[in-house]
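What's counted below: heavy atoms across the whole structure, side chains too, no hydrogens, waters or symmetry copies.
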Amino acid sequence: MAQLLQFRDTRGPVSPARIETVRRKAATPAYSHPLAPDLVDVQAWNHVGDPITESLIGYLRQHKLMGGDVLATARRLRAAGVEEAEAFFTDVEWTPDWVDFEAMRPGAAMGARCAVGLALGTHGALPLTYVDPATARVMNSTGRMVRLGGDLRRRIWETAAGFVGALDVDGMRPGGAKWEQWVRIRLLHTSIRMGILRAGRWDTSTGMPIGQPPTAAGAHIFGRYRVNINRYVGGRVNDEEAASFDLMWRWIARLQGANVELLGRDDSEQFRLACRIGEALYAPNAESRAVTAAWIDGLATMKSMFPMSRRAHSGVVRALLAPELTEILPGRDTAAALGLAPERRTDLLAAAVIKVGRGLSHLLDALPATPDLDRAMTQRIVNRGLHHRAPTFRPSPVAGDRG
């Protein structure tokens, strides 16, 4: 019977009944009934956003409460017994039974120690998300991460702040300062999704902007895949640290609103689900290539962090998108699909950068282990990049949204 319930990852239409089945699960705070990976209806989930947070944002908009500190306002509403706020905090404060904060410590220490991998990780991780054309379109809709000038540099540093904050295990417990950062990012993503839909330019028949599967895919892209990047650039990562880092990012994906059905109960289930999600979403198009090029343009402006030419950045991105590193897209030339074709001079530059990175990684590995100091140093670098102004994670205006 279970075999009959399995869903194929095809790209055909999804019935409203299937979408409503998974939407009800997403609308249930602290939903705790995962399925075996091959029984998950990935296609239907792609038509669902984050109903719990959408209800809260809808209440805030209706009562003209979106100004100021939205999270602080939500807390006041919770204290006043507002149902939408109570549901939201029930969900973000809930920890599934697979969450083990002590088990996250080795991965967090590794993440701070592997400074080269930490710095270069987003070179591959963000472009890998653009193989999903919906994600690329979202990036174009807001513009902050794809347009030179303005606050592009700040948004890049805000992204780094989230990644570095994730390494503070105690801060990532419910109620912690870094947990709060990621809760604000969830509110940000939902505000963007709702703004895009209000603009009326999104074809909902293809799925939802910032839908459930792309959110869940972050567990692999920012977890296991970045471990692979760390190892590729010379970082020393043992199996315990790798599993720990994966767990940390599975927790973050859950905190971002990804339903437990799409995350699995352990590393093997998470990886199987990531493979299914990758195949279901993979359809890079012209917009994917344009956003990838814009991301590389942005990296090339970060001279204090990356004193490299644009060509070198492009080559590093291409190298890091190799199938043996991404893992979830075997046989795919992801780099070429994102507009990064082989080019001898570019590839030689990338090889030189990675060689230097490996040498630096080996040098850092020879130093005594100082997890707290490593994390503090990376946090100081991010603070300096932000000019010592805390990240706000406020939503950008969405093209066409007059709401």
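- Partners of Arg236 by salt bridge (Lys or Arg N to Asp or Glu O under 4.0 Å), not counting sequence neighbours, listed by chain and number: Asp365.
- A cation-pi arrangement is absent between Arg78 and Phe88 under the rule of less than 6.0 angstrom and at most 45 degrees off the ring axis.
- Ring pair Trp249/Phe163: centre-to-centre distance below 6.0 Å.
- Heavy-atom contacts from other residues, nucleotides or ligands closer than 6.0 Å to CD of Glu20 number more than 12.
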Which is it for Ser314 and Arg318 under the side chain to side chain contact (heavy atoms under 4.5 Å, CB included) test, yes or no, and what are the steps along the way? CA-CA 6 Å; Ser314 179; Arg318 174 175 170 75; 5.8 Å; no

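- Between the side chain of Arg105 and the main chain of Val169, no donor-acceptor pair closer than 3.5 Å is present.
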Full working for salt bridge (Lys or Arg N to Asp or Glu O under 4.0 Å) between Asp239 and Arg224: CA-CA 11 Å; Asp239 290 345; Arg224 179 168 172 154; over 6 Å; no

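- Among residues two or more places apart in sequence or in another chain, the side chain to side chain contact (heavy atoms under 4.5 Å, CB included) test is passed with Arg311 by Ser309, Glu343, Arg345, Thr346, Leu349.
- In this structure, the side chains of Val237 and Cys114 come closer than 4.5 Å at one or more pairs of heavy atoms.
- From Leu255, atom CG reaches atom OG1 of Thr215 across 11.5 Å, with rounding to the nearest 0.5 Å.
- Ion pairing between Glu180 and Arg75 holds under the 4.0 Å rule for side-chain N and carboxylate O.
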Please step through salt bridge (Lys or Arg N to Asp or Glu O under 4.0 Å) for the pair Arg272 and Asp266, ending with a clear verdict. CA-CA 10 Å; Arg272 172 59 184 147; Asp266 54 32; over 6 Å; no

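- A salt bridge links Asp91 with Arg254: at least one charged nitrogen is closer than 4.0 Å to a carboxylate oxygen.
- For the 3.5 Å distance criterion, the side chains of Asn259 and Gln212 fail to qualify, holding no donor opposite an acceptor.
- Asp132 and Pro214 get closest at one heavy-atom pair: OD2-CG, 3.5 Å.
- Between the OG1 atom in Thr292 and the CG atom in Leu340 there is a gap of 6.5 Å [rounded to 0.5 Å].
- Between the CG atom in Leu120 and the OG1 atom in Thr122 there is a gap of 8.0 Å [rounded to 0.5 Å].
- No side-chain donor-acceptor contact under 3.5 Å links Glu327 to the backbone of Glu324.
- When all heavy atoms of Gly223 and Asp246 are compared, the pair lying nearest together is C-OD1, 3.5 Å.
- Here Met248 contributes atom CE and Met110 contributes atom CE; the two are 7.0 Å apart, rounded to the nearest 0.5 Å.
- No side-chain heavy atom of Leu128 sits less than 4.5 Å from a side-chain heavy atom of Phe222.
- Between Arg332 and Glu279 there is a salt bridge, with a side-chain nitrogen of the basic residue lying less than 4.0 Å from a carboxylate oxygen of the acidic one.
- A heavy-atom distance below 4.5 Å is found between the side chains of Trp179 and Glu93.
- For the pair Thr301 (side chain) and Gly298 (backbone), a donor-acceptor distance under 3.5 Å is present.
- In this structure a side-chain-to-backbone donor-acceptor pair under 3.5 Å is missing from Thr53 to Leu187.
- Side chain to side chain, Trp45 and Glu261 meet the donor-acceptor criterion of an N or O pair below 3.5 Å.
- Closest approach of Pro133 to Ser288, counting heavy atoms only: CA-OG, 4.0 Å.
- Contacts classified as ring-ring contact (aromatic ring centres under 6.0 Å, His included) and involving residues 188-215 (residues at least two apart or in different chains) are not found.
- Nearest heavy atom pair, residue Arg24 against residue Thr28, reads O-OG1, 2.8 Å.
- Leu263 and Ala219 make their closest contact through CD2-CB, 4.2 Å (heavy atoms, listed as atom of the first residue, atom of the second, distance).
- Under the 4.5 Å side-chain criterion, counting only non-hydrogen atoms from C-beta, Tyr130 is not in contact with Arg289.
- Remark: the Arg76 side chain and the Thr73 side chain contain an N/O donor-acceptor pair separated by less than 3.5 Å.
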Decide yes or no on side chain to side chain contact (heavy atoms under 4.5 Å, CB included) for Met104 and Asp100, but give the supporting numbers first. CA-CA 7 Å; Met104 296 180 195; Asp100 181 344; over 6 Å; no

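- A distance of 5.0 Å separates CZ in Phe89 from CG in Leu71, rounded to the nearest 0.5 Å.
- Between the side chain of Arg226 and the backbone N or O of Gly117 there is no donor-acceptor pair closer than 3.5 Å.
- Under a 3.5 Å cut-off, the side chain of Ser244 and the backbone N or O of Ala103 do form a donor-acceptor pair.
- In this structure, the side chain of Arg61 does not engage the main chain of Leu56 through any donor-acceptor pair within 3.5 Å.
- Looking only at distances, a side-chain donor or acceptor of Gln256 sits under 3.5 Å from a matching main-chain atom of Trp182.
- For the pair Leu197 and Thr204, the minimum side-chain heavy-atom distance is below 4.5 Å.
- Across every non-hydrogen atom of Gly264 and Arg250, the tightest pair is O-NH1, 3.8 Å.
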Going through the checks in order, is the side chain to side chain contact (heavy atoms under 4.5 Å, CB included) test met by Phe101 and Asp170? CA-CA 8 Å; Phe101 291 102; Asp170 292 322; over 6 Å; no

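- Formation of a donor-acceptor pair under 3.5 Å by the Lys178 side chain with backbone atoms of Leu167 is not found in this model.
- Heavy atoms from other residues, nucleotides or ligands lying under 6.0 Å from CG of Asp203 number more than 12.
- Ion pairing of Arg186 with Asp50 is present here, as a side-chain N (NZ or NE/NH1/NH2) and a carboxylate O approach within less than 4.0 Å.
- A 4.5 Å side-chain heavy-atom check between Trp295 and Pro127 finds at least one atom pair inside the cut-off.
- A cation-pi arrangement, defined by a distance under 6.0 Å to the six-membered ring centre and an angle within 45 degrees of its axis, is present between Arg358 and Tyr232.
- No side-chain donor-acceptor contact under 3.5 Å links Arg18 to the backbone of Val14.
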Show the numbers, then the answer: is there a side chain to side chain contact (heavy atoms under 4.5 Å, CB included) between Trp98 and Leu247? CA-CA 8 Å; Trp98 44 258; Leu247 175 62; 3.8 Å; yes

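- For the pair Met66 and Ser191, the minimum side-chain heavy-atom distance is below 4.5 Å.
- A salt bridge links Arg173 with Glu102; the closest basic N to acidic carboxylate O contact falls under 4.0 Å.
- Taking the six-membered ring for Trp and the full ring otherwise, Trp94 and Trp251 have centroids separated by 6.0 Å or more.
- Using a 4.5 Å cut-off on side-chain heavy atoms (C-beta onward), His220 and Thr326 make no contact.
- In this structure, the separation between CG on Asn140 and CD1 on Ile196 is 10.0 Å, given to the nearest 0.5 Å.
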